[in-house]
Novice: 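My structure is below; once you've seen it, I'll send some questions.
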Amino acid sequence: MLKPAQLPSAAAALGVRLPAKVRTAAEVPTVHWPWLAAEAAGLIEIGPAKAVAREPEGDPAELWLKGLDAVLTAESHDPERRGARTLCRAVLAAAEGGDVAEILAGYEDAAAAYKAFRQTGDLPVEDAVALLTSFGALDGGRLTDLGRWARDRFEARAPESVTPELSAGELLTRLAPLPEDETWELALRWFGDRRPVFGAAQLLHAADFATPVERVAAVDVVAGFGAEVLSAWRSALRYRNLRAHAMAALASWGEGRGVDELQRRWLVTEYALATRVRRGLENAFHYVRDSGGLGVLAASDHPDAAGLHDALVKANFRVRVHQLKVEAGTGEWWRVQVPAGTTLGALHEVLLPLAGHDGTELHEFTVDGVRYADPRSGLPGRRDEHELRLSTVFPRRGGELHYAYDLAGPWTYRITCEKVLDPDPACTYPLVVADGVTR
């Protein structure tokens with residue numbers, strides 16, 4: 001967030017009066033909200049030392065919604081980070097007639113709305129109105145055209161909006177921007193009484209005509225049904241945009257020859273495009289780098305490969321290294337350097353030998369109140385640790401996350417980012433640079 005010393009000039013630019021004493025920018029929503037929105041919409045890129053302006057890419061309304069979503073996530077304090085979004089959905093629905101509390105009572109995630117904004121125990125409707133007014137969705141309590149559009153988008157993404165009556169294409173549109181754990185939950189609503197193989201066939205057929213992120217959503221859902229839907233994958237071999245996905249899926253079950261190099265490049269492009277939509281361009285950069293680099297996109301015959309390649313070249317992301325301090329509840333500590341593109345799942349593999357664990361017990365990370373774990377562990381209420389990278393957790397030095405190993409009687413660790421460095425070509429990462437271990 002903005003440093004306190006920068007607040008006066010930022011407030012002046014926005015025409016905002018600051019309180020007499022301010023400890024952090026987060027205490028001044030009229031300054032902090034535009035900052036969060038600008039970062040999410042791609043208007044600014046925040047590096048380890050400074051923020052720089054960027055040319056936005058994409059539909060302006062969608063970028064506006066990304067900004068609003070980022071602020072709503074920050075103002076949500078429930079485990080799933082939905083509270084402020086749920087409340088604002090109800091406020092927008094009530095703007096043309098109705099009571100917010102009564103409308104909210106019909107939502108499946110209504111309880112989350114009480115864990116938003118000030119968290120006083122009361123429903124913070126005034127805070128939601130102020131936020132929506134500042135974003136132009138409300139004007140004097142009345143819906144604007146932008147507010148109606150946002151209301152419709154919120155309604156379309158609501159859990160109870162997904163029913164078996166939706167077309168497969170409509171379902172994919174709703175699933176596309178969501179994290180994988182939420183896509184599975186909503187997809188099961190749509191499947192209803194459908195036999196998995198029939199529903200899978202419908203989704204894959206619709207995915208052939210969809211966007212890359214919608215295709216990836218369909219592939220992830222269908223993969224969740226395992227061997228039961230192999231015949232749907234076999235049928236998808238006929239589809240031009242699904243063939244590589246289908247060959248990869250069938251190969252995982254011992255069928256077929258798997259994908260060749262050209263098909264691998266197609267898949268890298270597909271997943272990078274999906275990552276860009278779901279988690280931003282920098283995460284797409286790390287995914288491409290982990291998958292072979294920009295040369296993979298340059299040699300791909302995917303129709304969107306060139307556009308993504310150009311966007312990544314223009315963004316000019318640099319490979320960075322995070323220096324982390326890992327502090328155990330026992331008092332022992334380690335200082336380790338890891339690439340910024342490391343996922344939490346990969347960080348777990350780094351932490352195991354440091355702490356002397358064998359990896360046979362369950363573990364989890366906690367980042368800003370949200371818990372992450374290996375999806376294969378079956379732990380409820382956790383998001384996929386392989387989806388979150390350190391570059392997102394620690395966009396600059398400072399901040400912390402928590403790691404717990406053996407959840408029955410956990411070993412606990414506090415992990416802080418001390419430095420963001422340029423990589424040393426002579427070093428191989430991860431690298432332990434110091435420790436405070438009693439020997």
Side-chain angles (χ1 to χ4, degrees), residues 1 3 39 44-54 268 271-272 275-276 279-299 308-328 331-357 359 363 365 367 372 385-403 405 413-439:
M1 61 185 68
K3 296 179 180 178
E39 181 181 5
I44 57 174
E45 178 188 343
I46 301 178
K50 63 180 180 179
V52 296
R54 281 180 52 193
V268 169
Y271 279 93
T275 298
R276 181 184 187 182
R279 294 185 287 278
L281 189 60
E282 184 174 3
N283 275 280
F285 160 75
H286 289 301
Y287 179 82
V288 170
R289 183 175 179 273
D290 291 346
S291 303
L294 289 173
V296 174
L297 298 181
L308 179 59
H309 180 278
D310 291 346
L312 291 173
V313 170
K314 185 178 180 180
N316 193 29
F317 292 114
R318 292 184 294 165
V319 177
R320 307 287 285 181
V321 171
H322 284 341
Q323 179 168 296
L324 306 178
K325 186 173 183 181
V326 182
E327 300 173 271
E332 295 181 327
W333 60 269
W334 300 265
R335 186 168 281 122
V336 60
Q337 294 179 352
V338 296
T342 302
T343 65
L344 293 185
L347 180 61
H348 164 68
E349 299 297 331
V350 174
L351 297 173
L352 286 176
L354 281 181
H357 301 310
H363 69 277
F365 292 91
V367 181
Y372 296 82
E385 64 181 19
H386 302 292
E387 291 187 353
L388 188 63
R389 297 179 185 270
L390 293 180
S391 57
T392 301
V393 180
F394 302 121
R396 62 203 68 81
R397 66 180 178 86
E400 65 181 47
L401 62 84
H402 296 268
Y403 171 72
Y405 179 82
Y413 302 86
R414 176 176 177 263
I415 302 172
T416 54
C417 181
E418 295 184 319
K419 297 178 181 179
V420 180
L421 308 165
D422 290 319
D424 183 343
C427 292
T428 300
Y429 300 99
L431 175 68
V432 177
V433 296
D435 66 47
V437 178
T438 302
R439 292 182 173 86

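Computed over heavy atoms, backbone and side chain alike; hydrogens, waters and symmetry mates excluded. Here the structure is a predicted model, which means the values were calculated and not measured.
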Novice: Could you pull out all donor-acceptor pairs under 3.5 Å where a side-chain atom in residues 415-425 meets a protein atom, sequence neighbours excluded?
Specialist:
from: Glu418; atom 1: OE1; to: Gln323; atom 2: NE2; distance (Å): 3.2
from: Glu418; atom 1: OE1; to: Arg335; atom 2: NE; distance (Å): 2.5
from: Glu418; atom 1: OE2; to: Arg335; atom 2: NH2; distance (Å): 3.0
from: Asp422; atom 1: OD1; to: Arg320; atom 2: NH1; distance (Å): 2.5
from: Asp424; atom 1: OD1; to: Ala426; atom 2: N; distance (Å): 2.9

Novice: Measure the CD-CZ distance between Glu385 and Phe365 for me, rounded to the nearest 0.5 Å.
Specialist: 6.0 Å

Novice: Please report the closest heavy-atom contact between Val350 and Leu354, naming both atoms and the distance.
Specialist: O-CG, 3.6 Å

Novice: If we ignore angles and hydrogens, is there a donor and acceptor under 3.5 Å between the side chains of Ser391 and Asn283?
Specialist: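 No pair is found: no donor N or O on one side chain lies under 3.5 Å from an acceptor on the other.
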
Novice: Compare all side-chain heavy atoms of Tyr372 with those of Leu344 and state whether any distance is below 4.5 angstrom.
Specialist: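 Tyr372 reaches Leu344 side chain to side chain.
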
Novice: Could you go step by step and tell me if Val268 and Tyr287 meet the side-chain contact (heavy atoms from CB on, under 4.5 Å) rule?
Specialist: CA-CA 8 Å; Val268 169; Tyr287 179 82; 4.1 Å; yes

Novice: Which of parallel (below 30°), tilted (30 to 60°) and perpendicular (above 60°) describes His348 and His363?
Specialist: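 Parallel, since the angle between the ring planes stays under 30°.
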
Novice: Search all heavy atoms of Ala284 against all heavy atoms of Ala272 and return the closest pair with its distance.
Specialist: CB-O, 3.5 Å

Novice: Dump the intermediate steps for side-chain contact (heavy atoms from CB on, under 4.5 Å) on Phe317 and Leu281, then the final yes or no.
Specialist: CA-CA 9 Å; Phe317 292 114; Leu281 189 60; 3.7 Å; yes

Novice: Per the side chain to side chain contact (heavy atoms under 4.5 Å, CB included) rule, which among Val433, Val437, Leu324, Leu351 passes with Trp334?
Specialist: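 Going through the options one by one, the only one that passes is Val437.
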
Novice: Using the side-chain contact (heavy atoms from CB on, under 4.5 Å) rule, take Glu387 and Arg279 through it: C-alpha gap first, then chi angles, then the decisive distance, then the call.
Specialist: CA-CA 9 Å; Glu387 291 187 353; Arg279 294 185 287 278; 3.8 Å; yes

Novice: What residues form a side-chain hydrogen bond (donor to acceptor under 3.5 Å, both in side chains) with Asp290, not counting sequence neighbours?
Specialist: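 So Asp290 forms a side-chain hydrogen bond (donor to acceptor under 3.5 Å, both in side chains) with Arg389.
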
Novice: So do the side chains of Val313 and Leu294 get within less than 4.5 Å of each other, counting heavy atoms only?
Specialist: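 Answer yes - side chains close enough.
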
Novice: Is the closest side-chain heavy-atom distance between Trp333 and Lys325 below 4.5 Å?
Specialist: yes

Novice: Side chains of Leu347 and Tyr403: closer than 4.5 Å at any heavy-atom pair?
Specialist: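 A side-chain contact is absent here, since even the closest heavy-atom pair is not under 4.5 Å.
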
Novice: Mind checking whether Val338 and Val321 have side chains closer than 4.5 Å, heavy atoms only?
Specialist: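 No; the side chains remain at least 4.5 Å from each other.
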
Novice: Can you name the closest pair of heavy atoms from His286 and Ala340 and give their distance?
Specialist: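 Scanning both residues completely, I find the closest heavy atoms to be CE1-C, 4.3 Å.
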
Novice: Kindly indicate whether the side chain of Arg276, heavy atoms from C-beta on, has any atom under 4.5 Å from the side chain of Leu308.
Specialist: yes

Novice: If every non-hydrogen atom of His357 is compared with every non-hydrogen atom of Tyr413, which pair is closest and at what distance?
Specialist: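 Answer, listing the atom of His357 first, then Tyr413: NE2-OH, 2.7 Å.
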
Novice: Where do Thr342 and Tyr429 land on the side-chain contact (heavy atoms from CB on, under 4.5 Å) test, with the steps shown first?
Specialist: CA-CA 10 Å; Thr342 302; Tyr429 300 99; over 6 Å; no

